[in-house]
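Inspection log for the structure reproduced underneath, given as structure tokens.
Numbering of ligands and ligand atoms starts at 1, following listing order. The analysis underlying the following values was restricted to heavy atoms, covering all of them including side chains, and did not include hydrogens, waters or symmetry mates.
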Amino acid sequence: MTADTHPGPGMTADHAMMATGTRMGTRSAARVEAMAARVMAGERRALAQAITLVESTNPAHRPEAAALLAALSPHAGGARRIGLSGTPGVGKSSFVETLGTRLTAAGHRVAVLAVDPSSARTGGSILGDKTRMDRLSRDPSAYIRPSPAGRELGGVARRTREAITVVEAGGFDTVLVETVGVGQSEAAVAEMTDVFLLLLAPGGGDELQGVKRGIMEIADIIVINKADGTLKPQAERTRADYQGALGLMRQRQGDAPGYPVALTASAATGEGVDAVWEQVTGLVDWRLAEGWQARRRAAQADAWFRAALERGLIERVHADTAMAEALASMRIAVSAGRLPPDAAAEALVARLRLAMA
Ligand code: GDP
């Protein structure tokens, strides 16, 4: 896409070192540089290694991961980032398989990433499971990466976001980020993508479909999947119901005329899938032209920065035994009503300031 989507001048290696507070050795720096070059040359093995590095929860890997992201980020930002959610069984994998193979056939390079902190794995719905996207997983123009391990949404979301940087620098022009529509992860996915698709099944209101209140509000495009065979008439009725409900919703900033929109499609037959893609590109391109996309990405970047800053400060407190103990006893005192929350926070910040002086 155009330079409009570009994040601008990237973080330098010095920034990365400042970010991690660690200086890398020359061997590490050379390794990172070589890995970045191989990622940008489109080497699949390097892509996998790079994502493994940025996903690593080992703090010792963080300086290299930060330096790698610093090297790659000036080359990222050019893809259409599409979020996709829906309850297990609605047909997410099938839809991604059908849409993805059509896109690669049309010359696109498609990366599929997943955000799944709750681990719906136990429910048999494994996001980004390659066996569920058989054709796409064997497609040389596609790259599928399952959700990084972890129970904490923040951590899983951060690692997926960083994986977006890696695949974009690797030349993928379309990034599909999949999540299960039963928790809070869809908000996290909406915060890292340009457009958000909600997949639903024919029939039943959102309560029946297990769709949480609030998800409708972040959806740009609702797709009633399985609009085939005997389900087709019901899919059309469901679509009309949702289109009506969307019409009652408050107009959001960055909504193109006619959006949000509800459509029917069949991942099984492929019918309607191209029309869904047209709506996706129509909306993304409109937002790009109107400046909404740049604004959205800037706001996303700012929110991640603040979240990372807060996390870093909290980690700094926990890394200091005396401060961690003070924090623990303050929390007890605050909960018991013996200490006002703001005063406690101020006291801890004062200690932090002293420790950093
Ligand atoms: P996910 O859990 O949301 O990823 O759903 P899957 O893609 O695994 O699909 C769940 C079930 O629905 C599978 O048995 C699919 O074959 C079926 N399915 C998916 N898409 C369609 C569709 O468009 N039409 C029909 N009839 N069945 C579908």
- Query: Taking the six-membered ring for Trp, are Y143 and F172 parallel (under 30°), tilted (30 to 60°) or perpendicular (over 60°)?
  - Reply: tilted
- Message: As a check for students: among E271, K226, K92, identify the option with a heavy atom nearest to atom 28 (C) of ligand 1.
- Response: K226
- Query: Hey, is CZ on R316 packed in by over 12 heavy atoms from elsewhere, all under 6.0 Å?
  - Reply: yes
- Message: Show the atoms of ligand 1 that are less than 4.0 angstrom away from any heavy atom in P88.
- Response: 2 (O)
- Query: Is there any N or O on L231 that sits under 3.5 Å from an N or O of ligand 1?
  - Reply: no
- Item | Residues S266 and D228: side-chain donor-acceptor under 3.5 angstrom | yes
- Indicate yes or no: does an N/O atom of A267 lie under 3.5 Å from an N/O atom of ligand 1? yes
- Geometric cation-pi criterion R102 and W277, 6.0 Å radius, 45° cone: no
- Query: Which of the atoms in ligand 1, numbered in the order shown and given with their element, are less than 4.0 Å from a heavy-atom of N225?
  - Reply: 20 (N), 21 (C), 23 (O)
- Query: Roughly how far, to the nearest 0.5 Å, is CE of M323 from CG of L348?
  - Reply: 7.0 Å
- Item | Numbered atoms of ligand 1 (with element) below 4.0 Å of S94, judged on heavy atoms | 6 (P), 7 (O), 9 (O), 15 (C), 19 (C), 20 (N)
- Regarding T101 and R138, is there a side-chain donor-to-acceptor distance under 3.5 Å anywhere? no
- Message: Does any N or O of ligand 1 fall below 3.5 Å from an N or O anywhere on F95, backbone included?
- Response: no
- Task: With heavy atoms of D228 as the reference, note each atom of ligand 1 found under 4.0 Å away.
- Result: 22 (C), 23 (O), 24 (N), 25 (C), 26 (N)
- Query: Between CZ of R252 and CD of E217, what distance do you get to the nearest 0.5 Å?
  - Reply: 8.5 Å
- Message: Checking the N or O distance criterion of under 3.5 Å, is ligand 1 in contact with E178?
- Response: no
- A student checking ligand 1 against T87 at a 4.0 Å heavy-atom cut-off should list atoms 3 (O)
